[in-house]
Amino acid sequence: VLVIQRYYNLSDEETEYQIRDRLTFQKFLGLTLSDRVPDANTIWLFREDCGKSGCVEKVFLRFEKQLEEAGLTGRTGKIIDASFVDVPRQRNNREENEIIKCGAVPIAFGGNPDRLSQKDVEARWTKKGEEVHYGYKNHVKADRKTKLIEKYRVTDASVHDSQTVEDLIEEGDGELHADSAYCGEEIGKRLEEKGIVSAIHERAYRGQKLSEEQKVRNREKSKIRVRVEHIFGQMTNGMRDGLKMRWIGMRRITAGVGLLNLVYNMVRYEQIVRLQLE
């Protein structure tokens with residue numbers, strides 16, 4: 001049920017309705033017309049339990065292990081990148097936002113449990129170019145050949161992409177591709193320590209433009225790095241704005257992102273198998 005919900009980005013109520021309405025959904029779930037369909041509350045409670053127990057990540061790792069055993073996540077190289085996960089924007093005043101930004105909970109929230117349950121005190125605002133985002137980030141490491149996600153981390157939206165590199169990389173990753181946001185001396189040292197070859201885009205600095213040779217190298221690297229954009233494109237276009245979530249709080253969003261990444265891998269696996277058969 002959660003696979004269907006994440007693939008079509010449905011609310012709990014919509015999920016219940018669509019299972020009752022669609023024979024294809026019932027067939028996928030192994031249900032008959034006489035079987036009981038989980039209601040919206042049951043779906044919500046089960047997903048809550050999954051988030052609290054950490055079983056979403058365990059299932060993701062189990063499926064990733066099967067992909068590895070099938071030879072679909074090799075050692076030819078990796079790509080890392082991050083995408084925003086937007087959540088419902090909060091209507092707080094300036095003072096409340098400043099308190100939340102410092103990692104605290106406004107007294108007005110804490111004194112009212114019902115109000116606090118509707119407030120996301122872990123999401124953060126950030127700006128990229130002209131775009132303003134509120135929520136979290138989905139940091140992924142994917143196999144550069146198959147575009148299957150091997151590892152992920154969830155942070156609030158204000159965390160810079162480069163801050164999760166240490167959590168994503170590991171020895172044996174081969175060659176690492178990433179955009180210039182991951183360029184830096186410290187990251188270079190970490191890659192060298194783990195025996196990883198850097199194919200990260202080179203960055204221009206103030207008063208120091210990229211040379212023609214550097215531009216050529218970046219264009220060559222882009223041919224591989226751009227593949228990670230296909231992942232987020234599938235989540236946005238193929239999974240009905242999957243990177244926009246209705247839930248609030250780090251725990252729930254972490255479970256939601258884990259399910260999103262898992263379902264993406266299932267979809268991508270089916271594509272790979274179908275293409276091989278053809």
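The basis for the numbers below is simple: all heavy atoms, side chains too, and nothing from hydrogens, waters or symmetry mates. In this chain, residues are counted from 1 in sequence order.
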Hey, is the main chain of Lys78 close enough, under 3.5 Å, to the side chain of Lys141 for a donor-acceptor pair?
-> no
Salt bridge (Lys or Arg N to Asp or Glu O under 4.0 Å) contacts touching residues 31-44 (sequence neighbours left out) = none
Got a sec: does the CD of Glu95 have more than 12 other heavy atoms crowding it under 6.0 Å?
-> no
Quick one: do Glu175 and Arg144 make a salt bridge, cutoff under 4.0 Å?
-> yes
Closest approach of His139 and Ala82, non-hydrogen atoms and distance?
-> ND1-CB, 3.4 Å
Contact summary for Ala181 and Ser162, nearest pair of heavy atoms | O-CB, 3.6 Å
Taking atom CZ of Arg62 as the centre, does the number of heavy atoms from other residues, nucleotides or ligands within less than 6.0 Å exceed 12?
-> no
Verify whether one side chain among Arg268 and Gln271 offers a donor that lies under 3.5 Å from an acceptor in the other.
-> yes
Would you say the side-chain atoms of Asn138 pair up with the backbone N or O of Ser83, donor to acceptor, closer than 3.5 Å?
-> no
Would you call Lys189 and Glu192 a salt bridge, using N to O less than 4.0 angstrom?
-> no
Flag, side chain of Glu171 to backbone of Lys194, donor-acceptor distance under 3.5 Å = no
Do Gln208 side-chain atoms and Tyr205 backbone N/O form a donor-acceptor pair below 3.5 Å?
-> no
Nearest 0.5 Å, what's the NZ-CG distance between Lys101 and Asn97?
-> 9.5 Å
Does His133 use its side chain to pair, donor to acceptor, with the backbone of Trp125 at less than 3.5 Å?
-> no
Could I get the full list of side-chain hydrogen bond (donor to acceptor under 3.5 Å, both in side chains) partners for Arg22, not counting sequence neighbours?
-> Gln18
Taking 4.0 angstrom as the limit, do Arg190 and Glu186 come out as a salt bridge?
-> yes
Give a yes or no on whether Val37 and Phe28 share a hydrophobic cluster (residues Ile, Leu, Val, Met, Phe, Trp, Tyr; joining criterion: side-chain heavy atoms under 4.5 Å apart).
-> yes
Looking at Glu212 and Lys215, does any basic side-chain N land under 4.0 Å from a carboxylate oxygen?
-> yes
Residue pair Asp12 / Arg47: nearest heavy atoms and the distance that separates them | OD1-NH1, 2.8 Å
ring-ring contact (aromatic ring centres under 6.0 Å, His included) partners for Tyr269, two or more places apart = none
Which distance, rounded to the nearest 0.5 Å, do you find between the OH of Tyr152 and the CG of Leu262?
-> 8.5 Å
ILVMFWY network linking Leu67 to Tyr7, side-chain heavy atoms under 4.5 angstrom = yes
Parallel, tilted or perpendicular: which fits the ring planes of Tyr8 and Phe25, with parallel below 30° and perpendicular above 60°?
-> tilted
Salt bridge between Glu64 and Lys151, side-chain N to carboxylate O under 4.0 Å?
-> no
Is it possible for you to say whether Leu45 and Leu259 belong to one hydrophobic cluster, with membership spreading through side-chain heavy-atom contacts below 4.5 Å?
-> no
Before giving the answer on side-chain contact (heavy atoms from CB on, under 4.5 Å), spell out for Ile80 and Val228 the whole-Å C-alpha distance, their side-chain angles and the decisive distance to 0.1 Å.
-> CA-CA 7 Å; Ile80 58 174; Val228 76; over 6 Å; no
Are the side chain of Arg203 and the backbone of Cys183 linked by a donor-acceptor contact shorter than 3.5 Å?
-> yes
Only one of Met235, Glu14, Met245, Arg240 passes side-chain contact (heavy atoms from CB on, under 4.5 Å) with Asn9, and that residue is Arg240
Atom OG1 of Thr236 and atom CD of Glu229: how far apart are they, to the nearest 0.5 Å?
-> 10.0 Å
Which heavy-atom pair separates Arg252 from Trp44 by the least distance, and what is that distance?
-> NH2-CZ2, 3.6 Å
Linking I/L/V/M/F/W/Y whenever their side-chain heavy atoms sit closer than 4.5 Å, directly or via other members, would Val59 and Val263 fall into one cluster?
-> yes
Closest non-hydrogen contact found for Asp173 with Ile169 is OD2-CA, 3.4 Å
Looking only at atom types and distance, does a side-chain atom of Arg227 sit under 3.5 Å from a main-chain N or O of Lys145, one as donor and one as acceptor?
-> yes
Asp143 side chain vs Thr146 backbone, donor-acceptor pair below 3.5 Å = yes
Following the transitive rule for hydrophobic clusters with a side-chain heavy-atom cut-off under 4.5 Å over Ile, Leu, Val, Met, Phe, Trp and Tyr, establish whether Val140 and Ile253 coincide in one cluster.
-> yes
Checking Tyr136 side chain against Ala123 main chain: does a donor-acceptor pair fall under 3.5 Å?
-> yes
Return the minimal non-hydrogen interatomic distance between Pro106 and Ile100, and the atom names on each side.
-> CD-CG1, 3.8 Å
Within-4.5 Å side-chain heavy-atom neighbours: Met250 and Val154 = yes
Here the gap from Thr15 atom OG1 to Glu13 atom CD, rounded to the nearest 0.5 Å, amounts to 8.5 Å
Could you state the interatomic distance from CD (Gln26) to CG (Leu33), rounded to the nearest 0.5 Å?
-> 5.0 Å
If you round to the nearest 0.5 Å, how far is CG of Asn265 from CG of Leu260?
-> 10.0 Å
Any donor-acceptor N/O pair, Gln163 side chain to His160 backbone, under 3.5 Å = yes
salt_bridge(Arg20, Glu16) N-O dist < 4.0 Å = yes
